[in-house]
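Each chain gets a letter, A, B and so on, in the order the sequences are listed, and its residues count up from 1.
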Amino acid sequence: MTSVSEPVLLCLSGIAKSFGSARALDDVDLTVRRGEVLGLVGENGAGKSTLIKILTGLYTADGGTIELDGGAVQINRPADAQSLGIHVIHQERHLAGRLTVAENLYLGHLPRTGWLDRGGLERRAAEDIKRCTGQSLDAGLLTDELTVAQQQLIQITRAVLAEPRVLILDEPTAPLASGEVEQLFGTLRRLRGQGVGIIYVSHYLQELQDITDRITVLRNGRNAGDIHLGAGGTLQDVVELMVGRTVTEFDHARTPRTPITAEPALEIEALAVPGALEGLDLQIRPGEVVAITGLVGSGVDVVADAITGIIRASGSVRVNGHAVRDSAGFVAAGGAYVPSNRRRDGLLIRHTVAENLTAASLRKISRFGGFLSKARERALSGRLIDRLDVRPADGDAVGGSLSGGNQQKVVLGKWLATEASVFILDQPTSGVDVGSRAQIYAHLNGLVDDGAAVLVVTVDLEELVGIADRILVLHRGRVVADLSGHGVTTDRVLTIASGAESVKEPA
Amino acid sequence: MSTTATPTAPVAVPRNATRKSVLAWAGYAAVVLVLGFFAVASPHFATPGNIGAVLTQATVFAVAGIGLSTVIATGGDDVLTGGIDLSVGAVCGLAGTIAAVATTAGLPAGTAILVSLAAAAAIGVTNGAAVVLGLRPLLATLATMGIATSLELVISGNIKTALDGELFRWLREGSIAGLPAAVLVLVAIGALAWWALGRTPFGINSYAVGNNATAAAVAGLNPNRYRFGSYVISSVLGGAAGILLASRLSAAVPGIGAQVLLDIILVAYMSAVFSRRLVVNVPGTVVAAVFVAGLSNGLTLLGVTSQWTGAAKGALILLVLAVVALRGRNAR
């Protein structure tokens, strides 16, 4: 632990940044002392990544000052940050997979000797990795052949070799197993001992307790407070600062639903995606809404694609009793999928609203065994436009020109036309305005009342607590909690998802 | 391999790493096997004269193929969005025609070669600029292929132009220590390219750009500089191949570019089979060029009619792509 007597290494004060009319950061302060590990946390959209991008020169701040070792500095480009000794280990592993470990390690600084001595380079790389991380790695291997954790070693070594004064780690442990996390912490402690200031961004609160001296919490682009875990602060305090005490837009007085029949409409057994999801078991009955949540990297980002057969997964999925092997089978069995990337996967953005709405039920609007009837298309799409309140109420409008919320209504409406009975919605309201959100929820509730089984995958905790009958929480690819959706709070879900509280495996 | 550091933690060596390097050698073994079969089946195949002819023929594909390999390495090997230079065949034809027309007009051989390589480089600069501006390489180079083909017809008047002169005759018939001149040119260009792509920061940086441009940019490299350069290199080498081809045929033949394009693409992509990393590479391109030339030659010697060689090569391309696809899947 560092004492407060250590000199301040990096001091950001009054940092402001706007994108158009949206304020991403508003008067944010942050200090790191020499030899200190500072935790930086906040919900998605709280401003963490914007702050880091300002610090690393990818964005320029609109206002505020940055001081390094007491002197004011300007950081306008990534090169500025690097020459000041500010280095970052990105969450995305930026490595060329078909280059060797040694080549990736020294990329951009390869020796200009005229004749590259591969063997010598690899020996030097292995020694550098050993020295910087304490681990052994054959530097002649291709980066593609490594595990994610081994790839991380390359990034850490690259950063350490640059002899940073400030090292920023953005979600460094998301891909790591616990033993590997310990080794990373060993490296960080060694750097801390050398006086490096470390900013550690993570959703995993338990880890913050292990490695950080102090935690700065951001909420909605502002400082929510600092917590000294060593001096009486608790992780619960951190969660409260992150979530805030805001009133939710949902009706918490809703009555628990009783599933209509006992036969499950969606049965998932041992669904697994290598490296992302381990053995998901789930049954949803008609008239039930189940939500799956978790932090980014917990498997929450692949679970919907895995169930619907978009990506390859092991295990079994049954929809209305039919085994599903691919996405076509999923739809044929009565499934409907609203994917998370609406513009890429959900909507035909260059097609009209009417064409989008009827895309999954072309047989219904065709005549003479395959000729589409424009009249039937208009009739069917017109009914859906009214029912969903799509604005503008124009079937000939081009899909891509609609607002996010209306696009999502169209994607959902496409499935209403098919009379599907099992709905899987992945982040259904991301980028959707409040008004459309409420309408989408109302439609979901209507579907469920009519006997549909609904699975919502979401990272929006308010949404989760607002609509789900049951909540499954993923942590590092496994379901760590199976909660009733009634009477649960966002704090509790976040606490479980971040690993700050371990919950017994569901029976 | 670097095993000097004593391991403290068990390092998981992927179990398919060894198997993959075995597969890379299997590529070479298959080539030796096929060429060996021809040698046994036909008494004329393994004669010094025929081997010289095969190697001379391979030179054109190899030199242009090395250029294309540079583009694929630097642009990425995704056929639709990665690096590709469809104009390389047309540039081959254009450079040969310019060299022939210029010498016929009385320019000295050296000057004629410089002029034709400069014209090739101009096409390369156009390709590079288009790609750096964000045009799809597949379509941009398809467009310049049309331009280069058209220029070739305009300059030659769509008739065969004889290419004669001491230097060109030497390229066709000359030899040093029993090695045909064209083969010596191949060895020189191949060695230079192998060094540049395989043993210099430039080469590793190029592969990095093609493999993961973001990673290269994060490491401080400028991906567009490498991409631009690769198209210029491809066109200049395509031009050199065109001069070699015209020397071999003693004439610039209009429309020859379209005939050689497929073989050039084949040898460049096929080179990946001979690589542990599954990437296009210079030695692999040379081996593939010898293989393709040997295949045409061997099939002819065995009495297979020339109508069937196209089918044989097509089947070969499918086989190569299948091997690469399967090995790529294993690597995931």
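For B:N222, no part lies near chain A; criterion is any non-hydrogen pair under 4.5 Å. Neither the backbone nor the side chain of A:T113 comes within contact range of chain B, judged by heavy atoms closer than 4.5 Å. Contacts of A:P111 with chain B are made by backbone atoms alone, with heavy-atom separations under 4.5 Å and no side-chain atom involved. Both the backbone and the side chain of B:I204 come within contact range of chain A, judged by heavy atoms closer than 4.5 Å. When heavy atoms are compared at a cutoff of 4.5 Å, A:L95 approaches chain B solely by way of its backbone atoms N, CA, C and O.
In this structure, B:F61 has its ring center no closer than 6.0 Å to that of B:F291.
At a threshold of 4.0 Å, the pair A:E278-A:R476 does not count as salt-bridged, since none of the basic side-chain nitrogens sits closer than that to a carboxylate oxygen.
For A:D305, there are no salt bridge (charged side-chain N to carboxylate O under 4.0 Å, His left out) partners two or more places apart in sequence or in a different chain. Partners of B:R136 by side chain to side chain donor-acceptor pair (under 3.5 Å), not counting sequence neighbours: none found. Shown here are the side chain to side chain donor-acceptor pair (under 3.5 Å) partners of A:Y200, two or more places apart in sequence or in another chain: A:E207.
The local environment of CD in A:Q74 is sparse, with at most 12 non-hydrogen atoms from other residues, nucleotides or ligands closer than 6.0 Å.
A donor-acceptor pair is defined here as one N or O able to donate and one able to accept, closer than 3.5 Å; no such pair exists between the side chain of A:R98 and the backbone of B:G210.
Annotation: maximal heavy-atom pairing with chain B below 4.5 Å, among A:R118, A:R158, A:H109, occurs at A:R118. Here A:G114 is the residue among A:P78, A:G114, A:A79 with the most heavy-atom pairs under 4.5 Å with chain B.
The shortest heavy-atom contact between B:L86 and B:L138 is CD1-O, 3.6 Å.
Contacts of residues 64-72 of chain B with chain A at a heavy-atom distance below 4.5 Å are absent; not one residue qualifies.
None of A:L105, A:T157, A:L146 except one satisfies the side-chain contact (heavy atoms from CB on, under 4.5 Å) rule with A:L137; the exception is A:L146.
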